[in-house]
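Report on one structure; see the data block that follows.
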Amino acid sequence: MKKGDHLFLVDGSGYIFRAYHALPPLTRKSDGLPVGAVAGFCNMLWKLVQDARNTDVGVVPTHFAVIFDYSAKTFRNTMYPEYKANRSAPPDDLIPQFGLIRQATRAFDLPCLEIEGYEADDLIATYARLACEAGGDTTIISSDKDLMQLVGPTVSMYDPMKDREIKVAEVIEKWGVPPEKMIDLQALTGDSIDNVPGVPGIGPKTAAQLLEQFGDLDTLLARASEIKQNKRRESIIEHAEKARISRELVRLKDDVPLVEGLDDLVLQPPNGPKLIGFLKAMEFSTLTRRVAEATGADAAAIEAAPVDVEFDGKAHGPDLDEGDAAQPAPAGPAGEAASGPQAMTPAALVTARAEAAAANRIDRTAYVTIRDLATLEAWLADARETGILSIDTETTSLFPMEAELVGFSIATRPGKAAYVPLSHRNGKGDLLGGGELIEGQIPFHDALAALKPVLADRSVLKIGQNIKYDWVLLYRLGLPMAPLDDTMLISYVLDGGSSSGNTGGHGMDKLSERWLGHIPIPYKDVAGSGKSQVTFDMVDIDRATAYAAEDADVALRLWQVLKPRLVADGLTAVYERLERPLIDVIGRMERRGIAVDRQILSRLSGDFAQSAAALEDEIYRLAGERFNIGSPKQLGDILFGRMGFAGATKTATGQWSTSARILEDLAAEGHELPRKIVDWRQLTKLKSTYTDALPGYINRDTKRVHTCYSMASTSTGRLSSSEPNLQNIPIRTVEGRKIRTAFVAEPGHKLISADYSQIELRVLAHVADIPQLRQAFADGIDIHAMTASEMFSVPVEGMPPEVRRRAKAINFGIIYGISAFGLANQLSIPREEAGAYIRKYFQRFPGIRDYMDATKATARDKGFVETIFGRRAHYPEIRSSNPQVRAFNERAAINAPIQGSAADIIRRAMVRIEDALADAGLDDVEMLLQVHDELIFEAPESRVEKAIPVIRQVMEHAAMPAVSMRVPLHVDARAADNWDEAH
DNA sequence: GTGGTCTCCTA
DNA sequence: GTAGGAGACCACA
């Protein structure tokens, strides 16, 4: 190396972690291998190497190396055993990427350096010193503050993510001291991440000020008695020794015995074919193309290179130390096993995390109430260091669209959690409702302003339990939040199914008890319940802190336990493609809401009330007495007791059944009273559930109805909608449909409804691979008529409606895990006849029976079934000795892959549709609702014609490229002023 | 006031 | 026969 040469040193280990959190998660298409950080790394390296050949750019590297940490143990551990002892394990889907990034480096033909016993930073320090001595310059590709001590006249740093150079001036600007004092500064402040102790109570600001005053650490320690502030003085005197140890920990070693000298680092021209082979193996098509163009290689002629995927996390520092207690780990790469890193398989990591979580008890007394901005800033800085922020909002309402923020809690590491009260009030609320703001709370907007950049920071992962709620609320307050991880959704992906999928199955309390062995404070205990319940702003701040900080702490701990299971169980792709990207998509739908015309509902309510009143009079006349028609008990007594109608059946609890089915049968025999009761029920149902209830959900500010979608409450992967449920708005009767006319588009806009035609039958045709069904769907013919024609040997032409109706019932029955009992019930035919139909059906479509048998066998064998995208639904009770329980679980297990695959397909469509619309210049077309196989959009009138083909295209191809369906998907779409006409 | 039961709305 | 949510009633506390 000579004067004028320029050495680039990439801090590989540092980059991995930052890229992982900063970049959107990416998985290899073919097998779900997580490769997001690898992709970021390759793009960065390529850009750096390319710039090297472009002489227009100011800085041209002549020497180049990528440097990694070797292993857990370094000389610093000998000096201070606790060094980096409390680091948490890396995210599970990052682990395989450590090895891949080293392979990427070699594919670039760049030196990939690491030395046992030293950190990457020490090697960087050593090479930088050598380069300086040889008269060359050095650029360190990193933004790590630990490296800033090296910055000087010939050494600068470069942050590849922010495209920002860090020189002496930038260091001073950021830390208040020049680079040569960074060591002393860090010795004082310590580093919670690396477990460098420092002096308690001294942060960067104070440290800089002290160094300014005293010059350096030794002088400061010698003259500590001169410090005026009592606390500060005592702390420094007491912890002087810690400061000295800290200084030795943070001081980088610049005389590491190197294997490769500077001359080994001379930058070579890129080896196109070798690099392309690796990029192809990673399935990075864009970069492959770029490299091919730049190097003149023929990408098509190059085969993907073999790539080793290791799950042992080679040399990413001491992060896997917690694995000590876990199972024996497989050896590391050849030749490095003996002294190499703690090796750990995904399964071992899962075990280790679960054991650690169960062992680390929760200590509520350690939680902090943050009452001033500086403390909040310090916590948020910690989050930027860890790259992790567990967050939970406390509000006055369960509806995020109308809730007021009362405070929020954060956690950056297990046990380190705090609550930030913002608008707690004292109890002196008067007629105006107010009460006075309690003192000792950070001004609302100041706190949010501090929080905002961290929430938006792509390099800080925000973790929450049901984080969609917080996302919607915070977005409303002008605080967008990304990226996100949701412990509820992770649990849902891992353990979904009837055993845990029902309401509350993935709730925080349940998860905490199960995984942490800890029961969090119930909400009731802080806010009361029933009449005495108060909103959270009235809760005492100390009690609020215990409750709220615990939630953030628990969410973080759950995340540590649950996230690694995704990789171990092969469910990363399901989470990353079907859950995580949907959080903000659905959040936006909830935020938009849909306009509901109050006048229409009010008029309908009046109409329904009038008709129902008229029916009531007649019912009393026919019954000969007044009674509560809405009481099944009283009604049953009158109909089957006093009046003695025939055909009575009992419900499970021995009551007379008065279901519509029974009453219809009686009506069919010519009885007037049951008919009127059925009609009365329909009207009162429509009135109470819809026309009376819906106006109460119209938001005061937006004038729209904002339903809440639950992403984790079904066993199959469907969404559910509540408060109000907009997935059960009537459609089957003329009267009911009128309610749909109240769902309207804004003036100048239209509602677009796009729904999948027969999606579940198409999925069935695909998974069971039934030739006749596939053909029928390919030809676009009436599927129920085709079924009838096959079964009963009747031509489709001129088929009696009754024949088709029966075939249709059978088709649905198949999807539901058919039983003769159920089909008989549905069609009102004898059980024997229904059984004969089913036998006939299986005769004509033997593939269906094979599929059903295979599904049941899988469920019994593994305890779960899978959708075509790999989502699992667990049915452990399929092994029950109770025949009823077993049969029920068998039917559910047969239905789940069909219903669930359809649900996954529409989820995929929802994830893609916003971008597709935006790409077509239609970003003013907004998705509002999802009703299982239907999506509702609102669009300016002028956009409708252009939007419909885009929507249809996305929906019909939503399964691709993960699954190539054997049958086409078909979508019907229409636009109108209201939902009734659009559907 | 809470929880269970019945009924009924949807895909 | 599958998957949901909600309102009314009623017996329990």
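Below, chain A is the first sequence line, B the second, and so on; all start at residue 1.
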OP1, OP2 of dG5(C) versus side-chain N and O of T707(A): anything below 4.0 Å?
no

Got a sec? Which of residues 855-864 of chain A come in under 4.0 Å of DNA chain B, heavy atoms?
none

Using the test ring pair (Phe, Tyr, Trp, His ring centres under 6.0 Å), find all partners of F937(A) that sit at least two apart in sequence or belong to another chain.
none

In whole Å, what is the span from the CD1 atom of I729(A) to the P atom of dG4(C)?
19 Å

Once you round it to whole Å, what is the distance between C1' of dC6(B) and CD1 of I677(A)?
15 Å

How many whole angstroms separate atom CG of D972(A) from atom P of dA11(B)?
14 Å

Using a cut-off of less than 4.0 Å, is there contact between a side-chain N or O of T658(A) and OP1 or OP2 of dT7(B)?
yes

Tell me every residue that passes ring pair (Phe, Tyr, Trp, His ring centres under 6.0 Å) with Y816(A), counting only those two or more places apart in sequence or in another chain.
none

Please tabulate, for the side chains in residues 862-870 of chain A, all donor-acceptor contacts under 3.5 angstrom to protein atoms that are two or more places apart in sequence or on a different chain.
from	atom 1	to	atom 2	distance (Å)
T867(A)	OG1	F869(A)	N	3.2
T867(A)	OG1	G870(A)	N	3.4
T867(A)	OG1	R871(A)	N	3.1
T867(A)	OG1	D904(A)	OD2	2.7

Rounded to the nearest angstrom, tell me the gap between atom NE2 in H874(A) and atom P in dA3(C).
16 Å

Looking at dG4(C), dT10(B), dG1(C), which one has an atom nearest to any side-chain atom of T714(A)?
dG4(C)

Just to be sure I understand the geometry, which residues of residues 716-728 of chain A put a non-hydrogen atom under 4.0 Å away from DNA chain B?
R718(A), Q727(A), N728(A)

Between E934(A) and W979(A), does the side chain to side chain donor-acceptor pair (under 3.5 Å) criterion hold? Intermediate values first, please.
CA-CA 12 Å; E934(A) 175 186 15; W979(A) 193 3; 3.1 Å; yes

Scan residues 810-818 of chain A against DNA chain C and write down, sorted by residue number, each residue with any heavy atom closer than 4.0 Å; if none is found, say none.
G813(A), Y816(A), I818(A)

If you compare every side-chain N and O of Q634(A) against the phosphate oxygens of dC10(C) (OP1, OP2), does one of them come in below 4.0 Å?
yes

Please work out if I894(A) contacts a base, only the sugar-phosphate, or nothing of the nucleic acid, heavy-atom cut-off 4.0 Å.
nothing

Is there a side-chain polar atom (N or O) of R732(A) under 4.0 Å from OP1 or OP2 of dA11(B)?
yes

Any pair counted as salt bridge (charged side-chain N to carboxylate O under 4.0 Å, His left out), so long as it reaches residues 708-735 of chain A, sequence neighbours left out
R718(A)-E760(A), E735(A)-K738(A)

Between dT10(B), dC9(B), dT2(C), spot the one nearest the side chain of K685(A), thanks.
dC9(B)

Proximal nucleotide (of dC9(B), dA3(C), dT7(B)) relative to the P730(A) side chain
dC9(B)

What is the distance from CZ of F608(A) to C1' of dC9(B), rounded to the nearest Å?
13 Å

Tell me, please, which residues at least two apart from R879(A) pass side chain to side chain donor-acceptor pair (under 3.5 Å).
none

Quick one: list whatever passes side-chain contact (heavy atoms from CB on, under 4.5 Å) with D850(A), sequence neighbours left out.
none

Counting side-chain heavy atoms from C-beta on, which of dC6(B), dT2(C), dT10(B) comes nearest to Q899(A)?
dT2(C)

Answer with base, sugar-phosphate or nothing: what part of the nucleic acid does S657(A) contact at a heavy-atom distance below 4.0 Å?
sugar-phosphate

Below 4.0 angstrom, N of the basic side chain to O of the carboxylate: do R740(A) and E981(A) qualify?
no

For F821(A), does the CZ atom sit with more than 12 other heavy atoms under 6.0 Å from it, leaving out its own atoms?
no

Any carboxylate oxygen within less than 4.0 angstrom of a Lys/Arg side-chain nitrogen, looking at E938(A) and R592(A)?
no

Between V767(A) and T855(A), is there a side-chain heavy-atom distance shorter than 4.5 Å?
no

Taking only N and O in the side chain of S631(A), is any of them less than 4.0 Å away from OP1 or OP2 of dA8(C)?
no

Can you tell me the distance, in whole Å, between the CZ atom of R661(A) and the P atom of dC6(B)?
18 Å

NA contact type, A873(A), heavy-atom cut-off 4.0 Å: base, sugar-phosphate, or nothing?
nothing

E877(A), CD: over 12 other non-hydrogen atoms inside 6.0 angstrom:
no

With a 6.0 Å cut-off (strictly less than), is the heavy-atom count around CZ of R831(A), excluding the residue itself, greater than 12?
no

Can you tell me the distance, in whole Å, between the CG atom of D692(A) and the C1' atom of dC9(B)?
15 Å

When all nucleic acid strands are considered with a 4.0 Å heavy-atom cut-off, which category describes D755(A): base, sugar-phosphate, or nothing?
nothing

Mind checking A660(A) for me? I need base, sugar-phosphate or nothing, with any heavy atom below 4.0 Å counting as a touch.
sugar-phosphate

Is it true that E513(A) and K510(A) make a salt bridge, defined as a side-chain N closer than 4.0 Å to a carboxylate O?
no

Proximity to DNA chain C (any heavy atom under 4.0 Å), residues of residues 758-769 of chain A only
none

L686(A) CG to dA8(C) P, in whole Å, measures 13 Å

Can you run down the side-chain hydrogen bond (donor to acceptor under 3.5 Å, both in side chains) pairs that involve residues 651-666 of chain A, sequence neighbours left out, and say none if there aren't any?
T651(A)-T653(A), T658(A)-R681(A), R661(A)-S828(A), E664(A)-R675(A)

With a cut-off of 3.5 Å and sequence neighbours excluded, list every side-chain donor-acceptor pair involving residues 884-898 of chain A.
from	atom 1	to	atom 2	distance (Å)
R886(A)	NH1	S880(A)	O	3.1
N889(A)	ND2	V885(A)	O	2.8
E890(A)	OE2	R860(A)	NH1	3.3
N895(A)	OD1	Q899(A)	NE2	3.2
N895(A)	ND2	I815(A)	O	2.9

Among the candidates dT2(C), dC9(B), dA11(B), find the nucleotide nearest to the side-chain atoms of N895(A).
dT2(C)

Less than 4.0 angstrom between a side-chain N/O of T689(A) and OP1 or OP2 of dC9(B), yes or no?
no

Please confirm whether the shortest side-chain N or O distance from S713(A) to OP1 or OP2 of dG5(C) is below 4.0 Å.
yes

